[in-house]
Amino acid sequence: FTYGFRLFFGLGTAALVAAVAFALGSSFDVTDEGWMDRVLGPLTVGWKGGGVTRNGTPVRCSQQTDLRRALVAHGDVFCFDRCEERPAFERMAREIPILRGYTDAFGHAQVLAGGVDAMVDLDLNPWDAAATQVLVPEAGGRCVTLEYPERGKLGLVIGAPALVEQLSGWLTRGRAA
């Protein structure tokens with residue numbers, strides 16, 4: 001499983017970049033091993049039982065326990081509405097001093113590396129959640145999956161185990177998790 005731009009574009013884009021550079025007569029050096037990082041961004045890799053690395057360096061989820069000191073991310077607000085969880089978002093806005101909105105792949109990658117302490121991300125397609133469900137526990141975090149079968153969607157509460165425990169309880173579906 002990979003995150004960052006490579007999750008979406010993969011090596012096909014790298015080959016395309018090399019082909020375009022060659023066609024334009026660029027002084028592109030295919031032996032330069034760092035070119036893919038500069039073009040496509042960081043590479044996060046992990047698997048069940050294998051841990052998680054970003055550009056070859058092991059990463060760990062935050063172990064923060066205090067929501068008042070935590071950087072907590074959320075997905076789009078309209079996703080809370082779609083999942084009938086607006087009261088949970090409003091509580092987060094009232095009670096969490098450092099609350100930020102991030103898109104799913106970016107926010108999930110930040111949680112994996114400990115840059116964001118926890119994230120609540122709702123109204124996801126199962127394929128948008130699959131890698132995160134495996135990688136967060138591998139990076140020492142906790143992942144609670146909330147199911148919205150009537151919509152065919154999932155929600156995730158991910159990050160520092162103590163924070164995930166607290167935040168899950170704020171969500172209607174999370175109380176049963």
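Starting from 1, each residue takes its place in the sequence as its number. We use all heavy atoms of the structure for the numbers below, so side chains are in, but hydrogens, waters and symmetry mates are not.
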When rounded to the nearest 0.5 angstrom, what distance separates [atom1] in [X] from [atom2] in [Y]?
X: I96; Y: L67; atom1: CD1; atom2: CG; value: 5.0 Å
X: L163; Y: E165; atom1: CG; atom2: CD; value: 10.5 Å
X: C83; Y: K153; atom1: SG; atom2: NZ; value: 8.5 Å

Closest heavy-atom contact between [X] and [Y]?
X: P161; Y: Q63; result: CD-OE1, 3.7 Å
X: L171; Y: A88; result: CD2-CB, 3.6 Å
X: G75; Y: F80; result: O-CE1, 4.1 Å
X: Y148; Y: L154; result: CD1-C, 4.1 Å
X: L156; Y: A129; result: CD1-CB, 3.7 Å
X: V157; Y: V164; result: O-CG1, 3.5 Å

If you group Ile, Leu, Val, Met, Phe, Trp and Tyr by side-chain heavy-atom gaps below 4.5 Å, do [X] and [Y] land in one group?
X: M119; Y: L71; value: yes
X: I158; Y: I98; value: yes
X: V120; Y: V77; value: yes

*I would like to know whether L124 and H108 meet side chain to side chain contact (heavy atoms under 4.5 Å, CB included); could you show each step before the answer?*
CA-CA 12 Å; L124 297 167; H108 299 189; 4.2 Å; yes
Any side-chain heavy-atom pair from [X] and [Y] closer than 4.5 angstrom?
X: V116; Y: S62; value: no
X: V72; Y: L167; value: yes
X: L135; Y: W47; value: no
X: C61; Y: V111; value: yes
X: Q110; Y: Y102; value: no
X: V52; Y: V45; value: no
X: T57; Y: V59; value: no

*asked:* How about CD on E84, more than 12 heavy atoms from neighbouring residues, nucleotides or ligands closer than 6.0 Å, or not?
replied: no
*Check the pair N55, T53 against side chain to side chain contact (heavy atoms under 4.5 Å, CB included), reporting the backbone distance first and the verdict last.*
CA-CA 6 Å; N55 293 342; T53 62; over 6 Å; no
*Side chain E85, main chain T172, donor-acceptor under 3.5 Å*: yes
*State whether the side chain of R94 and the backbone N or O of F89 hold a donor-acceptor pair below 3.5 Å, judged by distance alone.*
no
_Side chains of H74 and D121: any donor to acceptor distance under 3.5 Å?_
no
*Taking atom types as modelled, find out whether T145 and Q133 have a side-chain donor-acceptor pair closer than 3.5 angstrom.*
yes
*Check the pair E138, K48 against salt bridge (Lys or Arg N to Asp or Glu O under 4.0 Å), reporting the backbone distance first and the verdict last.*
CA-CA 7 Å; E138 286 298 317; K48 191 168 187 170; over 6 Å; no
*Mind checking what makes side-chain hydrogen bond (donor to acceptor under 3.5 Å, both in side chains) contact with D66, not counting sequence neighbours?*
R68
